[in-house]
Undergrad: 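First the structure, which I've put down as structure tokens, then a few questions once you've had a look.
In what follows, chains carry the letters A, B, and so on, assigned in the order in which the sequence lines appear, proteins first and then strands, with residues in each chain numbered from 1.
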Number of protein chains: 2
Amino acid sequence: MLTTADQNYIKAIYRLQLGNEAVSTSALAAALGVTPASVSGMLRKLSRSNVLIHQRYKGVRLTARGRLAALQVIRRHRLIELFLVEILGLPWDSVHKEAERLEHVVSDEILERMDVLLGHPAVDPHGAPIPSHNGRIASHAGVRLAELDAGARGTVSEVADHDPDLLRYLSDIRLTPGAEVAVIDRLPFDGTVVITVSGRQQHVSAGVASAVWIETT
Amino acid sequence: MLTTADQNYIKAIYRLQLGNEAVSTSALAAALGVTPASVSGMLRKLSRSNVLIHQRYKGVRLTARGRLAALQVIRRHRLIELFLVEILGLPWDSVHKEAERLEHVVSDEILERMDVLLGHPAVDPHGAPIPSHNGRIASHAGVRLAELDAGARGTVSEVADHDPDLLRYLSDIRLTPGAEVAVIDRLPFDGTVVITVSGRQQHVSAGVASAVWIETT
DNA sequence: AAGAAAAGTTAGGATTGCCTAATTTAGATT
DNA sequence: AATCTAAATTAGGCAATCCTAACTTTTCTT
């Protein structure tokens with residue numbers, strides 16, 4: 001069985017691996033908040049359970065089994081987040097941290113009930129797609145707001161979920177999944193994007209704009 | 001902070017201590033499914049955090065702090081059980097085990113939402129009282145069905161929660177919290193109790209009858 | 001291509017919570 | 001009071017997961 005630590009390593013590798021390049025020890029260490037030495041040790045252990053392949057000094061890659069395990073943890077995480085927002089009414093900026101703990105402890109039976117109660121939802125509160133039971137996941141077709149030029153318009157499809165302050169700010173300015181956005185201008189020197197969202201004009205810093213994905217229309 | 005193991009030890013001591021006598025190392029070991037040697041070690045550690053007082057060779061007692069901690073864990077456990085039954089629709093015989101894991105991981109915020117959503121309930125699905133936030137708990141006035149004589153009548157107030165098979169059986173025969181029961185007879189040789197519950201006459205073994213508490217009317 | 005810098009690994013330790021085996025203490029028996 | 005037994009404790013280990021410090025390999029610079 002995979003421990004909580006195992007699941008967190010696999011999930012982090014999955015996220016860093018998008019595109020199938022090998023993930024470096026230091027990138028993984030940074031993502032998990034541990035030292036590279038700890039990562040080296042865990043990778044040796046995890047490669048024994050066939051969820052990943054580690055080539056010394058060359059990085060890690062998940063196996064098919066590891067990828068499935070990662071997607072199952074992500075499914076749990078996202079269903080739990082949505083459940084906490086929709087059923088328990090928790091604020092969307094706090095559910096990421098909660099789900100981070102619960103995802104390792106909720107049984108399949110509970111997860112299944114949540115899925116049914118929520119009507120087999122496709123996305124979590126931040127717009128991220130929820131993988132299916134067997135590891136299928138919709139590839140989202142969005143572009144970062146930071147990369148759009150003046151004149152572009154579209155719908156917010158997803159926002160970065162980790163930073164509560166950022167999420168509260170995004171709610172404040174109505175820049176949440178589903179919102180219609182039009183790009184008025186992009187300031188060349190610092191990347192600030194000027195947009196219209198729900199009838200109001202806003203200036204959005206480059207940092208914020210790169211945490212918001214838009215599906216252009 | 002108290003770890004999961006800490007919480008389980010404190011909860012077990014609380015349960016074994018009802019009446020305030022000291023709890024023996026071996027009783028605790030049996031309740032927790034570990035060896036007495038492990039208990040000795042943990043007690044030394046726990047006494048350092050002022051939740052209990054351990055007198056070597058004489059047993060343990062919770063301090064006021066320990067008692068509060070125990071009641072808070074029990075509150076979590078029972079609220080979670082009820083939530084799983086009422087909101088997620090899990091069968092009442094499976095929620096004990098689930099709550100046993102979740103009680104250590106659910107945040108105070110989530111617990112508070114569950115409490116509100118359930119309307120500040122007084123008892124869990126097995127009829128056990130839910131302690132308040134600050135450790136107050138209703139003392140239940142029930143008597144074991146096994147101790148009642150012919151002619152007694154009353155309402156099921158609580159049933160033992162740990163054995164799923166027993167719980168399924170109790171549902172089958174409608175002997176669940178709230179049910180009206182009349183004792184027809186008690187067989188002297190093996191303690192079998194003959195009762196009427198929801199219009200039907202049933203024979204209930206002594207073992208089962210001592211897992212059911214009745215509030216006589 | 002040599003040497004320096006960066007990245008990665010190994011070695012050795014700490015902590016938590018469990019185990020078995022050996023020893024000590026408390027309490028009962030004679 | 002001496003002895004026996006049952007209960008409890010200590011000693012010494014193990015597995016997981018983290019750490020720091022030392023060492024090795026790779027990569028970059030010149």
Undergrad: Calculate the interatomic distance between A:L46 atom CG and D:dC18 atom P; express it in whole Å.
TA: 10 Å
Undergrad: Rounded to the Å, how far apart are B:Q7 CD and C:dT16 P?
TA: 15 Å
Undergrad: Which atoms form the tightest heavy-atom contact between A:D124 and A:R78, and what is the distance?
TA: OD2-CG, 3.4 Å
Undergrad: Can you see if the side chain of A:R56 gets near the phosphate of D:dT26 - specifically, an N or O under 4.0 Å from OP1 or OP2?
TA: no
Undergrad: Please give, in whole Å, the distance from D:dA16 P to A:R48 CZ?
TA: 8 Å
Undergrad: Closer than 4.0 Å, any side-chain N/O of A:T25 to the OP1 or OP2 of C:dT9?
TA: yes
Undergrad: Quick one: side chains of residues 58-67 of chain B, donor-acceptor pairs under 3.5 Å with protein atoms, not counting sequence neighbours, listed by atom name and distance.
TA:
{"from": "B:R61", "atom 1": "NH1", "to": "B:N20", "atom 2": "O", "distance (Å)": "2.5"}
{"from": "B:T63", "atom 1": "OG1", "to": "B:N50", "atom 2": "O", "distance (Å)": "2.9"}
{"from": "B:T63", "atom 1": "OG1", "to": "B:V51", "atom 2": "O", "distance (Å)": "3.1"}
{"from": "B:T63", "atom 1": "OG1", "to": "B:R65", "atom 2": "N", "distance (Å)": "3.3"}
{"from": "B:T63", "atom 1": "OG1", "to": "B:G66", "atom 2": "N", "distance (Å)": "3.1"}
{"from": "B:R65", "atom 1": "NH1", "to": "B:S49", "atom 2": "O", "distance (Å)": "2.9"}
{"from": "B:R67", "atom 1": "NH2", "to": "B:L62", "atom 2": "O", "distance (Å)": "3.4"}

Undergrad: Look at A:D108 together with A:R76 and state whether they make a salt bridge at an N to O cut-off of under 4.0 Å.
TA: yes
Undergrad: What integer distance in Å separates B:N8:CG from C:dT16:C1'?
TA: 14 Å
Undergrad: For a quick test of reading the model: is some side-chain N or O of A:Y9 closer than 4.0 Å to OP1 or OP2 of D:dC18?
TA: yes
Undergrad: Under 4.0 Å from OP1 or OP2 of C:dG17: is there any side-chain N or O of B:K45 that close?
TA: yes
Undergrad: Considering the options B:H77, B:H162, B:H126, which one meets the side-chain hydrogen bond (donor to acceptor under 3.5 Å, both in side chains) requirement together with B:H96?
TA: B:H77
Undergrad: With nearest nucleotide decided by heavy atoms, which residue, B:S40 or A:G33, maps closer to the 5′ end of DNA chain D?
TA: B:S40
Undergrad: Among D:dC18, C:dC19, C:dT25, which nucleotide has an atom closest to any side-chain atom of A:M42?
TA: D:dC18
Undergrad: With a non-hydrogen cut-off below 4.0 angstrom, is A:K58 in contact with a base, only sugar-phosphate, or nothing?
TA: nothing
Undergrad: What's the closest nucleotide to the side chain of B:D6 if the choices are C:dT20, C:dG17, D:dC18?
TA: C:dG17
Undergrad: Would you say D:dA8 has OP1 or OP2 under 4.0 Å from some side-chain N or O of B:S26?
TA: yes
Undergrad: Could you state the CG-C1' distance from A:L43 to C:dT10, rounded to the nearest angstrom?
TA: 14 Å
Undergrad: For B:Y57 and C:dT24, what is the distance between atoms OH and P respectively, to the nearest whole Å?
TA: 9 Å
Undergrad: Of the listed nucleotides (D:dC18, C:dC19, D:dT17), which one gets closest to any side-chain atom of A:T3?
TA: D:dT17
Undergrad: Which nucleotide in the set C:dA21, C:dT25, C:dT10 lies at the smallest distance from any side-chain heavy atom of A:A37?
TA: C:dT10
Undergrad: Round to a whole Å and report the spacing from CE of A:M1 to P of D:dA16.
TA: 14 Å
Undergrad: In whole angstrom, what separates A:Q55's CD from C:dA7's C1'?
TA: 16 Å
Undergrad: Is there a donor-acceptor pair closer than 3.5 Å between any side-chain N or O of B:H133 and the backbone N or O of B:E112?
TA: no
Undergrad: Which nucleotide, D:dT9, C:dT9, C:dT20, lies nearest any side-chain atom of A:P36?
TA: C:dT9
Undergrad: Side-chain N or O of A:S24 less than 4.0 angstrom from OP1 or OP2 on C:dA7?
TA: no
Undergrad: Within the structure, does a side-chain N or O atom of A:H54 lie under 4.0 Å from either OP1 or OP2 of C:dT9?
TA: yes
Undergrad: Assess, by modelled atom type and distance only, whether the side chains of A:H104 and A:N8 contain a donor and an acceptor separated by less than 3.5 Å.
TA: yes
